Novice: 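Structure below; questions to follow.
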Number of protein chains: 2
Amino acid sequence: MLEDRVRLPLLRSKITTAEEAASLIHDGMTVGTSGFGAAGDCKVVPRALAARAREGLRINLMTGASGGYDSDGVLAEAKAIRRRMPYQSDKTLRNQINAGEVMFFDLHLSEMAEQLRDGYLGPVDVAIIEAVAVTEAGIVPTMSVGNSAVFASLAKQVIVEINLDMPLTLEGLHDVYAPGPRAHRLPIPLTATEQRVGLPYIPVDLEKIAAIVITRKGDSPNQIQPPDAETMQIAGHLSEFFANEVRVGRLPPSLQPLQAGVGSIANAVLHGLVDSGYRGLRMYSEVLQDSAIELLDAGCVDFACASALMLSAPYQARFFDDIERYRSRILLRPQEISNHPEIIRRLGVIAVNTALECDIYGNVNSTHVCGTHMMNGLGGSGDYARNAYLSVFVTKSLAKGGDISSIVPMVSHVDHVGQDVDVLVTEHGLADLRGLAPRERAQQIITNCADPLYRDALRDYVTRAGTRGGHTPHLLESAFAWHTSYQQHGNMREALKLDLF
Amino acid sequence: MLEDRVRLPLLRSKITTAEEAASLIHDGMTVGTSGFGAAGDCKVVPRALAARAREGLRINLMTGASGGYDSDGVLAEAKAIRRRMPYQSDKTLRNQINAGEVMFFDLHLSEMAEQLRDGYLGPVDVAIIEAVAVTEAGIVPTMSVGNSAVFASLAKQVIVEINLDMPLTLEGLHDVYAPGPRAHRLPIPLTATEQRVGLPYIPVDLEKIAAIVITRKGDSPNQIQPPDAETMQIAGHLSEFFANEVRVGRLPPSLQPLQAGVGSIANAVLHGLVDSGYRGLRMYSEVLQDSAIELLDAGCVDFACASALMLSAPYQARFFDDIERYRSRILLRPQEISNHPEIIRRLGVIAVNTALECDIYGNVNSTHVCGTHMMNGLGGSGDYARNAYLSVFVTKSLAKGGDISSIVPMVSHVDHVGQDVDVLVTEHGLADLRGLAPRERAQQIITNCADPLYRDALRDYVTRAGTRGGHTPHLLESAFAWHTSYQQHGNMREALKLDLF
């Protein structure tokens, strides 16, 4: 069996324990690991590394996107992370970032490989990559590709975690392509979601493989919330909007390739398409969640590619049970390619991402609670929203039982400028912002998307701000009154009682 | 002579007066005109159109970028503009936009052609294009290409303004390429600044040419400020930074293709490179200003392409006097191509754009005074800043004699998120923000870029905000205290006297 997993006899001598492998890593090193959205992260070397944090070891940790509990969680709990990029979603790590204990550099997911190659981010000392197998030519990754290819190419040493619980039949699921050096770079030849342009493995100088560790640890389960009444309403509004775009001839009946952000709302929106009668859809996304499997099985989606397959336990079982069939309809790519502006723009992707809050002019905050506290990170939303054919943001109109309005006078942090937000959807309705000036956007957003509880106050704000003039009217002295009310009283409702605007 | 300018005898029957041509345009129509940064805008039909505003005529005006006085200025003074996109820089029009009288939709300059083809922005009724000549195959534009090709392709009728003061030798200066329809779109084959990929004219169905007007009106002069002590210091810091990047091997000695935003500071920064000893530079930009001619003549720049040549009168004379030589080293492209994410990313452009204000975390406002009043528009800065190899923003640290600090606790409007700002430069110094977390960025920006007058107050803000925690610490209740002080007292200094933070 092991012959299938480590195919060169010479390399089998590198098989060792997690502790031995971890001993290659020293304090202050930069470690690049596999993993994108808790799919395919390495899981046993990080734990061995965490044990050494007691000796004071701290590393700079780079990944694809977030890691699961076994990488980010374990290392954060041991306080073993000094710097972190480009994305995370672990509770302990998040607290350390917000306390200023971990320096977190979050960036557009497509750009990290470029910045690494360009030498901006310093050298990568060690790469740790979870794999199905090491072949004669390279590494076959598991449930994600992420930044593993660039880590493997730049790292001085490579540690491989062979996960025996990941079926060998995953081989063939990946398509690994890297753009050439800048001065002589050619167009990326990809012109269709299903097109293969690279290799089914990560090429690596086998001499660099310094340790191989055998594991059986599964990915952290995807903690996705099932669809609820509100996310189903959001899905309904969006589906109706698409139907109308098809009717007026702006979209073909099979739409254009779909991207959906990580998380419960975007997942639920895609679930909602299952019953909408679409056929021949394609997905060009960064992460495929349960909804992708649902859409493939229902015959709505013909082909889906992304950088990671992040499934809940039952959906992963379903995927593993019928992997040969799925493999002809799913491809996993490096995140540099899944999120590449060149491809997103060329294919005309329809991007659906989640807003934490949106303001009346269509600016979106998707990362910072009250402008200060990081949730997860920008991720790939900026890659998609800026370059998409159509950029949609979804959010429930209220949070915390109505204590928070997701539609605010001014967002407390901007991740996506109004120009990158074509359509906004809440459970109340959809605002089509294309071609509108800010004053027009405000009317659409307040009327169609804000909750009635906050609607009048938003209108009041717009009216009063409008009398002072400006292309984008605001009252700077009270633009954050709702946020400061939340900080002081635990809710925005309190602000409504005062004559703030 | 006219035979050279209107080459098909049949088309010469279309030659008419500006008034006759303008009579093709009716109230409520959408008119797409040539012009990008006051270069190559149409100049006599707009005046005839303005005369008809007394009858109540109002149009939706689309251009490449801004128009000059003869298009935007004349039409705005007549109150003939109802909607405007995607960019402007006219004083009268700006006031109308800020009064809410003109609905202004500003968007990434690369995206307008896409959105027009996609049908987002409605039909284009009439295109008016300034030209050197109409050939058997199409229209040879003058000093810009802008959106003229997409207007000519989509408009129901086309009016051509043949400008006899624009030399026929401009023919061959242009390279007109349009991406194919979305579902079957191929990579844009452009892989080098000097590469031709399209046609030397704008292809058009000659049947649609409804009127030809002969003019002799020059472009509005480019009102560029000459370099001063501070812009020369900014240029010096940037030049030193580039030199160091070359030294450490992150940039080749000829750097990577340069983009520089419109305006005096960016122009001055490029002027500053003349004496820096660089050779073999290339420019991939949206507008070439006087500095480009200077750099070409000095032998620093080998080749420069953009969507417009916006020169002051003496530089235009210099260009016209030696046009054959310049023509082998300058190309003008549609703004969809000059600003295309695919090409900017592929070539690895170094982007230099101007900030109106920047905050301590590196977010940039380049459009809205005090978050409300529009200056010009976003333009192409977002196309470049997001996709560049290196995104630089420049600004003087103070404005209005020190009444305003360009470095503020929180920008009052966000055009460019921190992730899109790699380097910030003021006359005081340069902040290299690559790979840094927000708290680290704040230290760099305050220490290297803020004026000493405001530096302590910014440090105070960071310290107090930091005690409340957060990845990006802020005091929301006083984040705009400097802006409101400026609104109330006409300066930010007043805020320094109070114990605001």
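Residue numbers begin at 1 in each chain, while the letters A, B, ... track the order of the sequences. No experiment lies behind these values; they were computed from the predicted model shown.
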Novice: In terms of heavy-atom pairs under 4.5 Å, which option from Thr191(A), Leu436(A), Leu107(A) contacts chain B the most?
Specialist: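 Of the candidates given, the most pairs with chain B belong to Leu436(A).
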
Novice: Under a 4.5 Å cutoff for heavy-atom pairs, which residue among Leu251(B), Asn95(B), Val417(B), Val102(B) has the most contacts with chain A?
Specialist: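 Going by pairs under 4.5 Å, I would pick Val417(B).
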
Novice: Nearest heavy-atom pair of Pro341(B) and Asn387(A): which atoms, and what distance?
Specialist: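 Answer, listing the atom of Pro341(B) first, then Asn387(A): CG-OD1, 3.4 Å.
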
Novice: Heavy-atom cut-off 4.5 Å, strictly under: side chain, backbone, both or neither for Tyr389(B) against chain A?
Specialist: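 For Tyr389(B), the contact with chain A is made by backbone and side chain together.
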
Novice: Kindly determine whether Gln115(B) and Arg434(A) satisfy side-chain contact (heavy atoms from CB on, under 4.5 Å), including the steps that lead there.
Specialist: CA-CA 9 Å; Gln115(B) 296 198 10; Arg434(A) 297 176 293 178; 5.5 Å; no

Novice: Side chain, backbone, both or neither: which part of His340(A) has a heavy atom under 4.5 Å from chain B?
Specialist: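 Just its side chain gets close to chain B.
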
Novice: Name the member of Leu186(B), Val248(B), Val411(B) that forms the most heavy-atom pairs with chain A at distances under 4.5 Å.
Specialist: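 The candidate making the most pairs under 4.5 Å is Leu186(B).
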
Novice: What part of Asp415(A) gets within 4.5 angstrom of chain B, counting heavy atoms only: side chain, backbone, both, or neither?
Specialist: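 Asp415(A) touches chain B through backbone heavy atoms alone.
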
Novice: When heavy-atom pairs shorter than 4.5 Å are enumerated against chain B, which of Ala437(A), Pro187(A), Ala465(A), Pro438(A) gives the highest number?
Specialist: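 Max contact count across the listed options: Pro187(A).
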
Novice: With a 4.5 angstrom heavy-atom cut-off, which part of Arg83(A) approaches chain B: side chain, backbone, both or neither?
Specialist: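 It is the side chain, since no backbone atom gets that close.
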
Novice: Give the intermediate values and the outcome of side-chain contact (heavy atoms from CB on, under 4.5 Å) for residues Met103(A) and Glu440(B).
Specialist: CA-CA 8 Å; Met103(A) 291 295 106; Glu440(B) 298 170 312; 3.5 Å; yes

Novice: Between Ile188(A) and chain B, with a heavy-atom cut-off of 4.5 Å, which part of the residue counts as in contact: side chain, backbone, both or neither?
Specialist: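 The answer is the backbone of Ile188(A).
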
Novice: Run the side chain to side chain donor-acceptor pair (under 3.5 Å) check on Asn363(A) and His413(B) step by step: do they pass?
Specialist: CA-CA 10 Å; Asn363(A) 301 289; His413(B) 178 89; 5.3 Å; no

Novice: Which one, Ser412(B), Pro473(B), Gly382(B), leads in non-hydrogen pairs under 4.5 Å with chain A?
Specialist: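 Of the candidates given, the most pairs with chain A belong to Gly382(B).
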
Novice: I'd like to know which of Met374(B), Arg468(B), Arg84(B) tops the heavy-atom pair count under 4.5 Å against chain A.
Specialist: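 When all of Met374(B), Arg468(B), Arg84(B) are compared, Met374(B) has the most.
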
Novice: With chain B as the partner, which of Arg182(A), His373(A), Arg94(A) has the greatest number of non-hydrogen pairs under 4.5 Å?
Specialist: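 Counting heavy-atom pairs under 4.5 Å, the top option is Arg182(A).
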
Novice: Between Leu190(A) and chain B, which part of the residue has a heavy atom less than 4.5 Å away: side chain, backbone, both or neither?
Specialist: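 Nothing of Leu190(A), per the 4.5 Å heavy-atom cut-off to chain B.
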
Novice: For a 4.5 angstrom cut-off between non-hydrogen side-chain atoms, does Arg345(B) reach Glu342(A)?
Specialist: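 A side-chain contact under 4.5 Å is absent here.
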
Novice: How far apart are the C-alpha atoms of Gln419(B) and Glu111(A), what are their side-chain angles, what is the distance that settles it, and do they pass the side-chain contact (heavy atoms from CB on, under 4.5 Å) test?
Specialist: CA-CA 10 Å; Gln419(B) 283 89 351; Glu111(A) 289 194 355; over 6 Å; no

Novice: Report the option among Gly435(B), Gly466(B), Ala479(B) that has the most heavy-atom pairs separated by less than 4.5 Å from atoms of chain A.
Specialist: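 Heavy-atom pairs under 4.5 Å are most numerous for Gly435(B).
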
Novice: Could you tell me which of Asp383(A), Val369(A), Thr372(A) has the largest number of non-hydrogen atom pairs under 4.5 Å with chain B?
Specialist: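 Most pairs with chain B among the choices: Thr372(A).
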
Novice: With under 30° as parallel and over 60° as perpendicular, where do the rings of Phe104(A) and His471(B) fit, or are they tilted in between?
Specialist: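 Judged by the thresholds at 30° and 60°, the geometry between Phe104(A) and His471(B) is tilted.
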
Novice: Report yes if some heavy atom in the side chain of Val414(B) is under 4.5 Å from a heavy atom in the side chain of His416(A); otherwise report no.
Specialist: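 No, side chains not in contact.
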
Novice: Can you tell which part of Ser110(A) gets under 4.5 Å to a heavy atom of chain B, answering side chain, backbone, both or neither?
Specialist: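 For Ser110(A), backbone and side chain are both near chain B.
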
Novice: Is Glu114(A) close to chain B through its backbone or its side chain, or both, or neither, when contacts mean heavy atoms under 4.5 Å?
Specialist: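 Just its side chain gets close to chain B.
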
Novice: Can you name the closest pair of heavy atoms from Arg250(A) and Tyr120(B) and give their distance?
Specialist: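 Looking at all heavy atoms of both residues, the shortest contact is CD-N, 4.2 Å.
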
Novice: With a 4.5 angstrom heavy-atom cut-off, is it the side chain or the backbone of His474(A) that approaches chain B, or both, or neither?
Specialist: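 Contact with chain B is through both the backbone and side chain of His474(A).
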
Novice: Would His368(A) and Thr472(B) count as a side-chain contact (heavy atoms from CB on, under 4.5 Å) here? Give the steps.
Specialist: CA-CA 8 Å; His368(A) 282 71; Thr472(B) 306; 2.7 Å; yes

Novice: Top residue by heavy-atom pair count (under 4.5 Å) with chain B, among Gln487(A), His108(A), Arg441(A)?
Specialist: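 Of Gln487(A), His108(A), Arg441(A), His108(A) has the most heavy-atom pairs under 4.5 Å with chain B.
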
Novice: List the atom of Arg386(B), the atom of Asp420(A), and the distance in Å for their closest heavy-atom pair.
Specialist: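 That closest heavy-atom pairing would be NH1-OD2, 4.2 Å.
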
Novice: What part of Leu121(A) lies closer than 4.5 angstrom to a heavy atom of chain B: side chain, backbone, both or neither?
Specialist: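 Side chain only.
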
Novice: Check Cys370(B) against Leu476(A) and note the closest heavy-atom contact, atom names and distance.
Specialist: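 For Cys370(B) versus Leu476(A), the nearest heavy atoms are O-CD1, 3.5 Å.
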
Novice: So which part of Arg346(A) gets closer than 4.5 Å to some heavy atom of chain B, the side chain, the backbone, both or neither?
Specialist: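 Both the backbone and the side chain of Arg346(A) come within 4.5 Å of chain B.
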
Novice: When heavy-atom pairs shorter than 4.5 Å are enumerated against chain B, which of Pro189(A), Gly348(A), Ala99(A) gives the highest number?
Specialist: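 When all of Pro189(A), Gly348(A), Ala99(A) are compared, Gly348(A) has the most.
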
